[in-house]
Amino acid sequence: MNQFIEEQSHAIKSLVGECPVLLLISGGVDSTVAGVLLLKILNSDQVHLMYMDTGLMRKNETAVVRSILEKLGGKNVHTIMCEDEFLSALKGITEPEEKRKIIGNMFITIQEREIIRLGLPESYFLAQGSIRADFIESGQDAAKKNVIKSHHNVASPLVDAKRKAGKIIEPLASLYKDDVRRLGRFLGIDEAIVGRHPFPGPGLAVRIPGEVTKEKCDILREADAIYIEELKNRRTASGKTLYDEIWQAFAVLLPIKSVGIADDGGRKYGWVLALRAITSADGMTASVYPFETRDLLEISSRITSSVKEIGRITYDISGKPPATIEWE
Ligand code: XMP
């Protein structure tokens, strides 16, 4: 770890000199670790941390990210609230790759606008928390020609232009998730942050197959928060929490309503929710987490009794491959 940090320090310092560096923060493990690393290596006045609340975030995400950024010791922290812009751009769009492209482009549009507003000079460097798996899954790896999903942080007009100009910094590009976590711990980042499950750049949009609306995001946020809270409160026989035992868990709001029984005994149509939980080493392949049946039943029952719009819950039992971890 010391050697890795020293090498990165030498490479980044000699590349950027006194230029400002803008790091996009998602609140996830990767960008947080990249942020701490940059703040350790560079002068904190020179590091700008930008976080966008896209409206596609998990429950309380923005408050959590703000407190993380404060703890990071960042001096130039820019939080941008842009839910309306993202949701309007996604109105009526149902095709998964189109949704991803729209979200990726919106990130760039807002980012470019904010860079001008901040008055950053042309010479600024763009830093990202991209890791090895992002490149492979986006088809940038020589061994893999087919793009399964386009990750906007790997290829976009702004990123491409910055890459061509030699103005991109991706200190974690050679690392897999577990290495990033190890580095995070080495840098002294809270276990609660380092141990967070991965969250995709396009956020809840890829967990709402079909059209994304604010109403659906709100329902999903509530259900997902209950699911995750339950996983943090339940333990395996060895004493580990289910959350720590599982590599990634989340809820998916399906574009289906099914028949159920309302409180007054009449018929109601409720949304169908899928729960996903997988074990994995790096996200490249994944196995379904074999829950104890009792855990699944209790968690499902708590969700349907707390989130009235949800009428039915299923558990996703497909590994990767053939499925991917996210539904879109
Ligand atoms: P999939 O669904 O491709 O996901 O099996 C593999 C891992 O990558 C995450 N993921 C993303 N991460 N930008 C990201 O930063 C993205 O566009 C993106 N899409 C998927 C996913 O949550 C899983 O951990």
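Note that ligands are numbered from 1 as they come in the structure, with each ligand's atoms numbered from 1 the same way.
With a 4.0 Å cut-off on non-hydrogen atoms, Trp247 touches ligand 1 through its side chain and not its backbone. Within the 4.0 Å heavy-atom criterion, neither part of Met284 lies near ligand 1. Using a 4.0 Å cut-off between heavy atoms, Pro200 contacts ligand 1 through both its backbone and its side chain.
One finds a salt bridge joining Arg234 and Glu298 here, because a Lys/Arg side-chain nitrogen approaches an Asp/Glu carboxylate oxygen to under 4.0 Å. At a threshold of 4.0 Å, the pair Lys162-Glu170 does not count as salt-bridged, since none of the basic side-chain nitrogens sits closer than that to a carboxylate oxygen. Comment: Lys216 does not engage Glu211 in a salt bridge, judged by the lack of any side-chain N to carboxylate O separation of less than 4.0 angstrom.
Aromatic ring pairs are classed by plane angle as parallel below 30°, tilted from 30° to 60° and perpendicular above 60°; the pair His197 and Tyr243 is parallel. Between Tyr315 and Phe291, the angle of the ring planes goes over 60°, which puts this pair in the perpendicular group of the 30/60° scheme.
By the neighbour-count criterion of 12 heavy atoms within 6.0 Å, atom CD1 of Ile261 is sparsely surrounded, having that number or fewer from other residues, nucleotides or ligands. Within a 6.0 Å sphere centred on CG of Asp45, heavy atoms belonging to other residues, nucleotides or ligands number more than 12.
The Arg100 neighbourhood of ligand 1 comprises atoms 16 (C), 17 (O), 18 (C), 19 (N), 20 (C), with distances under 4.0 Å to a heavy atom of that residue. Listed by number with element, the atoms of ligand 1 under 4.0 angstrom from any heavy atom of Pro198 are 24 (O). For ligand 1 and Thr324, the ligand atoms under 4.0 Å from any heavy atom of the residue are 1 (P), 2 (O), 5 (O).
Considering backbone and side-chain N/O atoms, Lys320 comes within less than 3.5 Å of an N/O atom of ligand 1. Considering backbone and side-chain N/O atoms, Phe199 never comes within less than 3.5 Å of an N/O atom of ligand 1. Looking at ligand 1, you'll find an N or O of Gly201 within less than 3.5 Å of one of its N or O atoms.
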